[in-house]
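The model shown is predicted, which means the values in this text are computed figures rather than measured ones. What's counted below: heavy atoms across the whole structure, side chains too, no hydrogens, waters or symmetry copies.
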Amino acid sequence: MKFIEFTDHAGAPVLINAAGVLYLRGTEGERTEITFAGRSEPLVVAAPLDEVARTLEDATPIPPDPTLALVS
């Protein structure tokens with residue numbers, strides 16, 4: 001699984017693994033709150049909701065085709 005780099009609300013770079021993301025919420029000022037499993041407070045990144053969602057979707061691996069696993 002890939003890590004994605006975003007900038008948090010304070011300007012520091014953060015690396016995010018899409019596997020732990022529970023949900024996203026857009027906030028004012030083109031920022032997005034990312035809520036993770038096992039973390040009580042959301043992480044606020046300086047990117048619009050649609051950009052964060054698209055980037056996380058692109059980083060998620062496609063599961064292998066079970067048919068090809070049987071062939072190999």
Scan for salt bridge (charged side-chain N to carboxylate O under 4.0 Å, His left out) pairs involving residues 16-29, sequence neighbours excluded, and state none if there are none. Arg25-Glu33
With sequence neighbours excluded, give me every salt bridge (charged side-chain N to carboxylate O under 4.0 Å, His left out) pair touching residues 36-53. none
Please name the pair of heavy atoms, one in Pro42 and one in Thr35, separated by the smallest distance, quoted to 0.1 Å.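 Taking every non-hydrogen atom into account, CB-OG1, 3.7 Å.
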Are the side chains of Val45 and Thr7 in touch, meaning some heavy atoms are under 4.5 Å apart? no
If we only count heavy atoms from C-beta on, is the Thr32 to Phe6 side-chain gap below 4.5 Å? no
Which residues satisfy the side chain to side chain contact (heavy atoms under 4.5 Å, CB included) test with [X], sequence neighbours excluded?
| X | value |
| --- | --- |
| Leu56 | Ile4, Ile16, Ala18, Val21, Leu24, Val52 |
| Glu5 | Pro13, Leu15 |
| Glu30 | Pro48 |

Atom pair CG/NZ of Asn17 and Lys2 - distance to nearest 0.5 Å: 12.0 Å
Using a 4.5 Å cut-off between side-chain heavy atoms of Ile, Leu, Val, Met, Phe, Trp and Tyr, which other residues end up in the same hydrophobic cluster as Tyr23?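 ILVMFWY cluster around Tyr23 also holds Leu22.
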